[in-house]
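First comes the structure, then the notes that go with it.
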Amino acid sequence: MPSVSEPSIESGISREQIIWQVVCTIPPGRVASYGQIARLAGFQGLARFVGRTLSQLPDGSEVPWYRVLKQDGRVAFSPDSNRYVQQCQRLTEEGVLVKNGRVSMTQFRWTL
DNA sequence: AAGTTGACAGTTA
DNA sequence: ATAACTGCCAACT
């Protein structure tokens with residue numbers, strides 16, 4: 001589903017880009033939650049907006065969207081979906097332990 | 001203009 | 001640790 005909102009007039013940079021930028025700073029082998037990204041991007045409380053924004057990413061994007069999970073460490077997709085499988089796989093490739101679509105946040109959560 | 005949706009989160013049990 | 005419930009807010013109908 002397409003459509004990306006207009007760039008903000010002041011900055012010239014869309015909120016989407018800011019979020020993507022933050023996501024790109026997540027180190028390999030670590031994960032973050034939607035809410036965490038929202039905070040770091042300066043949009044505290046807009047976790048859902050982050051999710052919606054990541055959904056706008058084109059396939060094959062460089063943005064490591066797969067390092068973003070729910071606060072409880074679960075993958076946000078339905079277990080039967082294609083994206084779910086892909087996310088688990090890419091995380092595993094990076095050395096993040098994914099057990100039943102779930103990651104131990106206490107172990108892999110990215111902290112500044 | 002008003003109601004619905006969603007790649008969420010905090011609190012409570 | 002899991003689950004149910006409630007609050008959230010921009011984007012989309």
Side-chain angles (χ1 to χ4, degrees):
Chain A
M1 304 312 230
S3 146
V4 175
S5 55
E6 297 295 318
S8 55
I9 297 121
E10 294 285 330
S11 61
I13 305 174
S14 71
R15 295 178 267 189
E16 284 79 2
Q17 291 182 42
I18 297 176
I19 289 170
W20 290 329
Q21 195 173 335
V22 173
V23 172
C24 286
T25 67
I26 306 174
R30 308 312 297 274
V31 298
S33 75
Y34 294 91
Q36 184 178 357
I37 298 303
R39 260 190 298 105
L40 294 175
F43 306 114
Q44 183 161 35
L46 297 192
R48 304 193 87 129
F49 183 74
V50 172
R52 212 196 66 74
T53 300
L54 292 184
S55 75
Q56 312 297 315
L57 280 174
D59 282 1
S61 170
E62 304 302 320
V63 181
W65 55 269
Y66 50 85
R67 294 180 192 149
V68 187
L69 309 168
K70 294 195 189 181
Q71 183 59 52
D72 60 9
R74 280 185 296 188
V75 173
F77 300 104
S78 174
D80 58 335
S81 73
N82 189 346
R83 284 223 187 79
Y84 173 95
V85 178
Q86 192 183 4
Q87 181 162 24
C88 293
Q89 186 168 27
R90 308 239 5 212
L91 284 174
T92 302
E93 293 175 354
E94 284 193 350
V96 176
L97 214 59
V98 185
K99 179 170 141 194
N100 292 337
R102 201 143 104 214
V103 171
S104 170
M105 291 308 266
T106 62
Q107 187 173 11
F108 293 104
R109 178 147 169 112
W110 172 45
T111 54
L112 301 166

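For the numbers below, each heavy atom of this structure counts, side chains included, while hydrogens, waters and symmetry mates do not. Convention: sequence-line order gives letters A, B, ...; per-chain numbering from 1.
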- Item | Rounded distance [0.5 Å steps], CH2 in A:W20 versus OG in A:S61 | 7.5 Å
- Message: Using whole Å, what does the distance between atom C1' of nucleotide C:dC9 and atom CD1 of A:I19 come to?
- Response: 13 Å
- Using a 4.0 Å heavy-atom cut-off across all strands, classify A:L46 as base, sugar-phosphate, or nothing. sugar-phosphate
- Query: Within less than 4.0 Å of OP1 or OP2 of B:dA9, is there a side-chain N or O belonging to A:S33?
  - Reply: yes
- Item | A:Q36 vs A:R109 side-chain heavy atoms within contact, under 4.5 Å | yes
- Message: Please report the distance, rounded to the nearest Å, between CZ in A:R39 and P in B:dG10.
- Response: 8 Å
- Query: Rounding to a whole Å, what distance do you find between A:K70:NZ and B:dG6:C1'?
  - Reply: 10 Å
- In whole angstrom, what separates A:L69's CG from B:dG6's P? 20 Å
- Of the nucleotides C:dA11, B:dA9, B:dA7, which one has an atom closest to the side chain of A:L54? B:dA7
- Would one find a side-chain N or O of A:R48 under 4.0 angstrom from OP1 or OP2 of C:dA11? no
- Round to the nearest Å and state the distance from A:F49 atom CZ to B:dA9 atom P. 15 Å
- Find the distance A:R83:CZ to B:dG6:P and express it as a whole number of Å. 13 Å
- Message: With a 4.0 Å cutoff (strictly under), does any side-chain N or O of A:R52 reach OP1 or OP2 of C:dC12?
- Response: yes
- Under 4.0 Å between a Lys/Arg side-chain N and an Asp/Glu carboxylate O for A:E94 and A:R30? no
- Message: Check this for me, if you would: do A:K70 and A:D72 make a salt bridge, where the nitrogen-to-carboxylate-oxygen distance has to be below 4.0 angstrom?
- Response: no
